[in-house]
Amino acid sequence: MKRPLVFSSKPNKAGSGTRLGAVAAGCLALLLSVPAVFAEESPERARDLAYGWALYNYHQGEALEALTLLNVARERGGIRGHGDYPELVEGGLMLSYGMTREARELFIRLLEDEHGRSRVTLAPEVRSQAWFYLGKVFYLEGDYQLAYENLQRVDSSVLEEADSELYAEWGYLRAQLAMMSEGFRGDPDEQTGGQHSGPWAHYLNYNLAMAEIADDDFTAAEQSLRELIEAMQRKAPKDELISEHQALLDKSRLSLARLYLRDARFDEALVLLGAMPLDGVFADRALFDYAVAAAGQGEMQRALDALDALSQRELFLPWREQVPYARGYVLEQMNQPREALQAFTQAAEHYENRGEELTAARQALTEESLMARLNFLRDSDEIITDSYGRLRVTPADFGLSEVLATEPFQQALGELNELYRMQALLAQREQQLGTFETMLETRRVQRARRSQEAGIELEQQQPDEWIEAQNAFRANIEAALAEEDAEFFMTTEQKALKARLGKVAATLAQLPDDQRTARQRKKYQRMKAYFDWSVANDYGVNRWAAQKQLRELSSEMEQLQTQRSDIEQLMAGDSEHEELASRLANNAAEVQSLTVQVDEALAQARNILISRLDNALEQQSNELRRYRVASRHAQARLADQLFREGKSTEAAND
Amino acid sequence: MTDSLKTLVAGLLVALMLFMSGSLLAETDPAEDSKAVAERVQDLKKKVIRLNRDLFILEEDLLFPASTQFAVFLSVDAGKFLQLDAVKLKVNGDIVASHLYTERQATALERGGMQRLYIGNLKTGTHEVTAFVEGIGPNNRAYKQAATLAFEKGTDTAALEIRIEDRSSDYQPMVSIVEWE
């Protein structure tokens with residue numbers, strides 16, 4: 001679609017910054033109202049801590065923090081208990097953080113699937129409003145195709161019932177888009193199928209008249225403007241819209257007066273301009289046009305008075321540069337050649353000086369000098385922005401007011417600010433990564449110390465000797481088992497008894513072989529037989545007990561071995577540390593790469609901004625050159641005329 | 001000067017004026033490079049969010065491992081009976097966090113937001129948490145209330161919520177500490 005230049009001068013253009021703020025506010029208000037409207041589907045209390053925390057930042061307008069938290073939550077498995085609402089909130093946050101394209105994709109995914117159904121249960125009016133705001137964001141960004149697509153998704157009857165003002169604005173935007181389209185046939189109502197009323201209709205009619213002027217259809221434009229003025233005079237709006245209404249009315253009168261001036265209908269122009277208030281937004285321009293009309297009418301004194309009044313205005317505006325030349329012209333028309341000559345001389349000097357100033361300003365044009373020409377509204381150190389990152393700025397040098405009011409300049413300024421904020425954030429992150437590195441190193445050192453201490457403690461327990469002893473014990477048991485050596489498995493008691501029996505046998509061997517000894521030896525034999533029988537009898541139990549102990553010992557030894565190997569493994573390397581260190585390195589690389597990218601984008605944004613300003617200054621410079629040349633010509637002409645008149649007078653006197 | 005000449009000069013002035021106004025108001029279409037920068041900025045924003053996310057997770061993994069992590073959140077349900085001013089948090093008798101609320105923060109809480117008041121590390125076992133809430137209560141009277149909770153910290157992340165609710169039975173605010181599973 002081609003955008004005709006004439007629409008760029010439409011009266012709502014100057015307020016686009018404010019309007020974007022209003023869109024943002026509207027958008028956020030809409031999304032904030034979502035949980036309230038759908039209390040059943042979307043509980044007011046957060047059911048997920050991550051969501052509640054993101055909302056805390058969201059409600060404070062801290063879009064970056066809230067978006068980060070939603071991303072963290074997604075990385076950790078998502079937000080539970082809120083369905084798709086977190087994504088809807090994310091879409092709103094993206095809009096306020098200036099990620100319009102991402103937001104659009106998200107909204108389309110959420111609000112409409114391939115069958116035209118919505119993934120989230122939204123009331124039709126909320127859905128229509130969401131599409132409207134998205135469409136308007138793209139319209140203000142100058143992306144008319146996307147604006148058209150999103151505005152088309154609005155359900156007109158639903159929107160009309162839900163919000164009549166929004167509906168009127170929706171109609172206006174569609175009509176504007178229709179006017180910009182190549183197939184525009186002169187009646188936006190016919191093409192959009194809508195009827196327009198209220199303030200938006202006035203704007204639309206004004207823009208239609210401007211389109212007619214652009215098509216050189218001055219008669220139609222005159223008729224349109226006359227009807228518009230009549231309509232606006234007939235019906236005054238509500239209190240809050242009065243100043244806006246008056247400004248548009250004045251602008252319409254001014255445009256109509258210029259059409260009269262174009263046709264040399266000075267008397268009609270004078271009547272129209274004379275009725276305009278002196279304290280209005282367009283009072284200065286009306287005053288100048290009044291001077292032109294009065295001059296055309298031959299009422300030079302009135303023209304001069306108007307120009308003198310304008311000359312005394314202190315505020316500099318580029319268009320007012322024509323006043324010094326016009327003064328000279330009017331004085332000349334009043335047949336005051338000396339005064340006119342003086343006025344043209346002053347005008348030429350003024351243009352000369354101003355031209356030099358502009359040349360110097362262009363030569364010394366840097367970002368700093370540009371910023372010095374702007375006043376930013378600040379909250380402590382931060383520049384205040386609207387929800388879309390557009391800066392609250394007014395020109396310190398009013399020569400910049402026209403260029404500053406343009407949407408591309410506002411966008412470029414906002415982007416530059418965003419990039420600076422990103423640069424600051426990345427510097428902060430770099431510092432944070434430095435701290436993380438220190439923490440990680442401290443953690444590694446502490447861990448190494450603890451591992452070393454554990455290693456020393458382990459060595460003190462002499463695990464190798466224990467392992468050797470266990471192996472020897474196991475070998476003995478296995479050998480005894482193979483030989484079925486019952487004595488090996490005797491209990492401590494049995495071993496003591498065996499020792500006592502051995503002592504008794506030794507004592508008996510030393511005793512004389514008498515009857516008493518024989519009795520005792522018999523008794524010993526009985527005891528020994530009983531002992532041997534009991535050992536053989538207990539063999540199974542004793543063997544089992546020994547094997548059990550061996551198993552327990554083996555298990556303990558296994559645990560010791562595992563612990564030992566774990567400690568040795570931990571001492572040899574730290575996989576967690578390595579994983580964290582690798583993440584840290586990746587993040588550091590990412591910060592570096594982003595820093596470079598931000599720096600490049602900054603340079604690009606800075607160049608664009610400065611070239612826009614340079615173009616504006618060049619344009620001013622060219623205008624000034626034209627006025628300077630015209631003033632010099634008039635000065636030469638008048639000087640020559642006065643000289644010749646002087647000569648003639650002298651000759652007459654002679 | 002004749003009338004026709006006057007008209008001609010006035011016409012010239014008008015033409016000059018119209019030309020100038022037109023040229024000053026003329027707005028160049030957003031150039032391709034402007035669009036490229038805008039898209040680049042959007043892309044960078046996406047990357048910055050991703051980086052922020054990674055650093056956030058890395059910081060928690062580094063400083064507050066899941067096995068010892070302990071966080072305390074604060075929420076305000078409705079907030080009709082209390083204008084929140086300040087909150088102080090004690091863990092096992094030590095003050096670990098205190099916060100003074102701005103109007104914007106208090107409003108964000110009333111709208112359903114939850115503030116992470118504190119994050120730290122705790123060993124497994126029993127711990128005691130006390131929250132002191134100050135503000136302006138009903139009838140513009142200074143309001144002060146404390147709530148305590150003894151809880152068992154296991155080997156997983158522990159999260160508590162200091163909940164400030166409106167109690168309709170006596171039109172007073174109520175403070176409680178709730179453990180999140």
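Quick note on labels: first sequence line is chain A, next is B, and so on, each numbered from 1.
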Output a table of donor-acceptor pairs, distance under 3.5 Å, between side-chain atoms of residues 80-92 of chain B and any protein atom two or more places apart or on a different chain; print 'none' if there are none.
{"residue": "Asn92(B)", "atom": "OD1", "partner": "Glu128(B)", "partner atom": "N", "Å": "2.8"}
{"residue": "Asn92(B)", "atom": "ND2", "partner": "His127(B)", "partner atom": "ND1", "Å": "2.9"}

Looking at [atom1] of [X] and [atom2] of [Y], how far apart are the two atoms once the value is rounded to the nearest 0.5 Å?
X	Y	atom1	atom2	result
Lys46(B)	Glu102(A)	NZ	CD	4.0 Å
Asn52(B)	Asn71(A)	CG	CG	9.5 Å
Phe56(B)	Leu69(A)	CZ	CG	5.5 Å
Arg53(B)	Leu70(A)	CZ	CG	12.5 Å

Is any side-chain heavy atom of [X] closer than 4.5 Å to a side-chain heavy atom of [Y]?
X	Y	value
Arg50(B)	Glu75(A)	no
Leu419(A)	Leu44(B)	yes
Glu59(B)	Gln432(A)	yes

Restricting to non-hydrogen atoms, name the atom on [X] and the atom on [Y] that form the minimum distance, rounded to 0.1 Å.
X	Y	result
Tyr56(A)	Met114(B)	CB-O, 3.3 Å
His59(A)	Gly113(B)	CD2-N, 4.2 Å
Ala605(A)	Val37(B)	CB-CG1, 4.0 Å
Phe436(A)	Leu55(B)	CE1-O, 3.9 Å
Gly98(A)	Lys45(B)	CA-NZ, 3.8 Å
Ala46(A)	Trp180(B)	O-CH2, 3.8 Å

Chain B interface, residue from [options] that has the most non-hydrogen pairs under 4.5 Å:
options	answer
Asp143(A), Leu49(A), Leu64(A), Leu425(A)	Leu49(A)
Met99(A), Arg101(A), Glu65(A)	Met99(A)
Arg74(A), Glu590(A), Arg429(A)	Arg429(A)

(message) Is Gln105(B) in contact with chain A via its backbone, its side chain, both, or neither, using a 4.5 Å heavy-atom distance?
(response) both
Taking everything shown except [X] itself, do over 12 heavy atoms lie less than 6.0 Å from its [atom1]?
X	atom1	value
Asn140(B)	CG	no
Arg141(B)	CZ	no
Glu103(B)	CD	no

(request) Using the side-chain contact (heavy atoms from CB on, under 4.5 Å) rule, take Leu63(B) and Met439(A) through it: C-alpha gap first, then chi angles, then the decisive distance, then the call. (result) CA-CA 8 Å; Leu63(B) 298 179; Met439(A) 283 176 199; 3.0 Å; yes
(request) Could you tell me which of Thr107(B), Leu58(B), Val41(B), Asp61(B) has the largest number of non-hydrogen atom pairs under 4.5 Å with chain A? (result)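 Top count of heavy-atom pairs under 4.5 Å with chain A: Leu58(B).
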(request) Mind ranking Val48(B), Asp43(B), Leu109(B), Leu62(B) by heavy-atom pairs under 4.5 Å with chain A and telling me who comes out on top? (result) Leu62(B)
[X], part contacting chain B, at a heavy-atom distance under 4.5 Å:
X	answer
Glu62(A)	side chain
Asp263(A)	neither
Leu584(A)	both
Glu600(A)	both
Met422(A)	side chain

(request) Decide, yes or no, whether a salt bridge links Arg76(A) with Glu60(B) under the criterion of side-chain N to carboxylate O below 4.0 Å. (result) yes
(message) Under a 4.0 Å threshold between the charged nitrogen and the carboxylate oxygen, would Arg40(B) count as salt-bridged to Glu415(A)?
(response) no
(request) Tell me, with the steps shown, if Arg583(A) and Asp54(B) meet side-chain contact (heavy atoms from CB on, under 4.5 Å). (result) CA-CA 9 Å; Arg583(A) 278 162 66 189; Asp54(B) 291 347; over 6 Å; no
(request) Determine, step by step, whether Tyr97(A) and Ile49(B) satisfy the side-chain contact (heavy atoms from CB on, under 4.5 Å) criterion, reporting the C-alpha distance in whole Å, the side-chain angles of both residues, the deciding distance to 0.1 Å, and the verdict. (result) CA-CA 11 Å; Tyr97(A) 194 48; Ile49(B) 291 169; 4.2 Å; yes
